[in-house]
**Q** 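Below is the structure I would like to discuss, written out as structure tokens.
Numbers here simply count residues along the sequence, with the first being 1. All figures in this text were calculated on a predicted structure; none of them were measured in a lab. Both backbone and side-chain heavy atoms feed into the values below; hydrogens, waters and symmetry mates do not.
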Amino acid sequence: MNEILLQVENVSKNFGSTKALKDVSFSIAKGTIHSLLGRNGAGKSTVVNIIAGIYKQNSGNILFENEDITKFSVYERQEMGIKIVPQHASVVPHLTVAENIFMGIWPRNGAGFIDWQKLRREAALELDRYGLHVDAKATVKSLNGVDQRKVNIIRAMHGGAKLIILDEPTTALSSDERQELFVFVNELKAKGTAFIFISHYLQEVVELSDDVTVIRDGMAFSGRGKDGFSEKNLAHLITGEEVKLSQRTLRKDIEKSIVMECKKLNGHILKDVSLKLYSAEITGLVGFPSSGARELCRTIFGLENIYSGSVTINGKERFHVSVPDAMSNGIAYLSYDRHREGIIKLLSIADNISIPLLNAELKTSFGLFNKKKALDIAKHYFDLLNIKANSILDKLLNLSGGNQQKVVVAKTLASNPNILILDEPTIGIDIKSREEIIENTDRISTEKKTSVLYLTNDFDELIRIVDRILFFQDGKLMRDIRNDGLTHEDIVRIRDEVKRASMQKTTSYIV
């Protein structure tokens, strides 16, 4: 057995009268990956913050390398080797890879100035040591998502990390990028580094973990059953009940009509994209990063410019679409990046949900704000999506990441759109909440005849909710396929086929 690195012994934490943790205990061995699971608000973040030294426990002990570290500060624990890599890559995009790796510990010359040659030279050695093949002088903003995460991890390793806490590291990564990150993490694990891995994707937890601890109602449960790990076993531990997976029921009796048509659409990434969207239909989008799938969503909502071609909405052809124009025509968009484009953390739940409705449903005949109606709408979606907070007046900065995501979904649904664009709607959401969102998407498409564009990298989720799937590559719509019993393997196969076809076509042009 591997030597124990971290021990959490009977840790409890209260916030006022609320008992966030109740005698939580688990241990982590050197050179292992230990997943920490739980529903949004279950106490995962509280455990991590106590381990990192951000919170102090009310009772219990935290031992690191057999030393009680309760009295140590965050900085002292970092010096001992406990590092956190947050959910969103904590990089400075406009600085170089080398500067990000040495952030705060830049080498100095005899005169006290930064020794740039030494910084770049040592950064190149670190990149080579950990197998990240990028230029140390390249700006971080030029790297893809997975390489930015790797820069975060290498910075932690350079700082002497023995235990790295990975908080939702695969958020917004494609399936291929996830696998690439897992290879990287396993290589570091083989060298003795331990990881706490936090994720809502149970498939990757089963694939990656050596051990699992589930936090439910402030208490800890072991995730290893008699048959080892399984998604079903873990889902039951997380929720304390059986979770039924939602499955879209295809109804033939629903009358469908064209609600939008794109004709030879050219824009950012997009090349001659033509397609039709129908009422009461859920259309999935699949493609590698910069394939055109996400770019189509953003162009339809007016976030990207149309260079040529047109979009016909409600029977009217448009050669330019702005965000106000899209909203006034019943289009709602849920961005994959909730922090930049989805929420305002300093505002309340009710205020965030009300934002898209300010100039429409919440505006009285005298031009005033209808506060009562805003609170009623917010309360409806607060209950519908089971947002975990004290009330709709709570500020978003006090909510867990998963509950913040629920508020984004609520805000998007509240406008009662004719066309609903969902880009990674269940990202950072626990399994039961995910199923609630899928079920509500199915319901509004059927009952309100809403046309839905659904983009996710979770193909198991995709095939349970969509009626047809559009495959993109190099900015082009390559395949339009009905979802007649497609499997996860089918999606991966078709996606890879269109990529190879596009590469072969490009090669033939070069020759």
Side-chain angles (χ1 to χ4, degrees), residues 6-28 34-52 54-62 87 165-168 196-202 205-206 209 211-226 229-246 349 382-392 394-407 409-410 426 428-437 439:
L6 177 81
Q7 290 172 275
V8 177
E9 297 181 340
N10 302 313
V11 167
S12 296
K13 176 65 178 176
N14 300 334
F15 292 100
S17 60
T18 302
K19 293 186 177 181
L21 298 178
K22 308 167 189 175
D23 293 324
V24 168
S25 297
F26 61 89
S27 61
I28 298 174
H34 192 115
S35 285
L36 190 62
L37 307 181
R39 296 191 66 180
N40 299 315
K44 301 188 303 297
S45 297
T46 303
V47 172
V48 166
N49 286 329
I50 289 174
I51 293 171
I54 299 170
Y55 295 160
K56 296 295 183 185
Q57 65 269 30
N58 292 106
S59 62
N61 301 305
I62 305 291
Q87 178 176 349
I165 301 169
L166 295 177
D167 187 1
E168 297 282 357
I196 294 178
F197 181 67
I198 301 173
S199 176
H200 288 298
Y201 294 108
L202 298 187
V205 168
V206 171
S209 303
D211 293 290
V212 173
T213 294
V214 174
I215 306 296
R216 189 177 78 238
D217 298 328
M219 296 180 286
F221 300 84
S222 170
R224 186 179 293 281
K226 62 181 181 180
F229 303 132
S230 72
E231 292 184 54
K232 184 178 180 180
N233 169 262
L234 293 177
H236 188 273
L237 278 175
I238 290 168
T239 62
E241 58 185 293
E242 293 293 335
V243 178
K244 183 180 179 181
L245 297 182
S246 298
I349 295 170
F382 182 85
D383 294 337
L384 181 69
L385 296 173
N386 293 318
I387 297 171
K388 193 164 186 178
N390 293 319
S391 80
I392 57 175
D394 282 10
K395 291 183 178 180
L396 258 68
L397 57 82
N398 297 322
L399 272 60
S400 67
N403 281 293
Q404 289 178 3
Q405 181 68 11
K406 286 186 180 182
V407 173
V409 174
T426 62
I429 293 285
D430 62 74
I431 184 170
K432 189 168 184 180
S433 300
R434 179 192 68 191
E435 296 308 311
E436 290 167 353
I437 289 174
E439 185 178 343

**Q** Go through the steps to decide whether R434 and L245 satisfy the test side chain to side chain contact (heavy atoms under 4.5 Å, CB included), and finish with yes or no.
**A** CA-CA 9 Å; R434 179 192 68 191; L245 297 182; 3.6 Å; yes
**Q** What are the two closest non-hydrogen atoms of H200 and G38, and how far apart are they?
**A**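 Heavy-atom minimum between the residues: CE1-O, 3.3 Å.
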**Q** Shortest non-hydrogen contact from K13 to Q57?
**A**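 What the structure gives for the nearest pair is CD-CA, 4.3 Å.
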**Q** Please step through side chain to side chain contact (heavy atoms under 4.5 Å, CB included) for the pair D211 and I28, ending with a clear verdict.
**A** CA-CA 8 Å; D211 293 290; I28 298 174; over 6 Å; no
**Q** Measure the OG-NE2 distance between S27 and H34 for me, rounded to the nearest 0.5 Å.
**A**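 If we round to the nearest 0.5 Å, S27:OG and H34:NE2 are 7.5 Å apart.
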**Q** So, does D394 use its side chain to make a donor-acceptor pair with the main chain of A389 at under 3.5 Å?
**A**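 Answer holds: no.
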**Q** For the CZ atom of R39 and the CG atom of D217, what is their distance to the nearest 0.5 Å?
**A**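 It comes to 9.5 Å.
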**Q** Looking only at non-hydrogen atoms, find the nearest pair between G218 and V24 and report the distance.
**A**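 For G218 versus V24, the nearest heavy atoms are O-CG2, 3.3 Å.
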**Q** Work out which heavy atom in N58 is nearest to a heavy atom in N14; give both atom names and the distance.
**A**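 Looks like OD1-N, 2.5 Å.
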**Q** To the nearest 0.5 Å, what is the distance between CD1 (I437) and CD (E435)?
**A**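 Taking CD1 in I437 and CD in E435, the distance rounds to 10.0 Å.
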**Q** Using only atom types and a distance under 3.5 Å, with no angle test, would you say the side chain of N403 pairs donor to acceptor with the backbone of L399?
**A**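 It does not hold such a pair.
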**Q** Quick one: CG on L36 to OG on S199, what's the gap to the nearest 0.5 Å?
**A**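 One gets 11.0 Å once the value is rounded to the nearest 0.5 Å.
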**Q** Is any side-chain heavy atom of V11 closer than 4.5 Å to one of V47?
**A**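 Sidechains of V11 and V47: no contact.
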**Q** How many angstroms lie between OH in Y201 and CG in L37, if you round to the nearest 0.5 Å?
**A**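 That separation rounds to 14.0 Å.
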**Q** I'd like to know whether NZ of K56 has more than 12 heavy-atom contacts from other residues, nucleotides or ligands below 6.0 angstrom.
**A**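 Enclosed: over 12 neighbouring heavy atoms sit under 6.0 Å from NZ of K56.
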**Q** Give me the atom names and distance for the closest heavy-atom approach of A235 to I431.
**A**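 So the two residues come closest at CB-CD1, 3.6 Å.
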**Q** Do V8 and I62 have side-chain heavy atoms sitting under 4.5 Å apart?
**A**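 SC-SC contact between V8 and I62 confirmed.
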**Q** Under 4.5 Å between any side-chain heavy atoms of N61 and Q7, yes or no?
**A**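 No, too far: nothing below the 4.5 Å cut-off.
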**Q** Atom CD1 of I165 and atom NZ of K44: how far apart are they, to the nearest 0.5 Å?
**A**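 Reported to 0.5 Å precision, the distance equals 13.5 Å.
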**Q** For E9, look at atom CD and say whether over 12 heavy atoms of other residues, nucleotides or ligands are found less than 6.0 Å away.
**A**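 Buried by this count: over 12 neighbours within 6.0 Å.
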**Q** Below 4.5 Å, heavy atoms only, C-beta onward: do N390 and N398 meet side chain to side chain?
**A**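 In short, these two side chains do not touch, never coming nearer than 4.5 Å.
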**Q** Check the pair L396 / I349 against side chain to side chain contact (heavy atoms under 4.5 Å, CB included), numbers first and verdict last.
**A** CA-CA 6 Å; L396 258 68; I349 295 170; 3.8 Å; yes
**Q** With distance as the sole test, does T426 use its side chain to make a donor-acceptor pair with the main-chain N or O of I429 at under 3.5 Å?
**A**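 No, T426 side chain to I429 backbone: no donor-acceptor pair under 3.5 Å.
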**Q** I would like to know whether L21 and I50 meet side chain to side chain contact (heavy atoms under 4.5 Å, CB included); could you show each step before the answer?
**A** CA-CA 11 Å; L21 298 178; I50 289 174; 3.8 Å; yes
**Q** Which pair of heavy atoms, one from G240 and one from R216, lies closest together, and at what distance?
**A**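 For G240 and R216, the tightest heavy-atom pair comes out as N-CD, 3.7 Å.
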**Q** Under the criterion side-chain contact (heavy atoms from CB on, under 4.5 Å), which of V409, V407, I392 is the partner of I387?
**A**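 When V409, V407, I392 are each tested with I387, the side-chain contact (heavy atoms from CB on, under 4.5 Å) holds only for V407.
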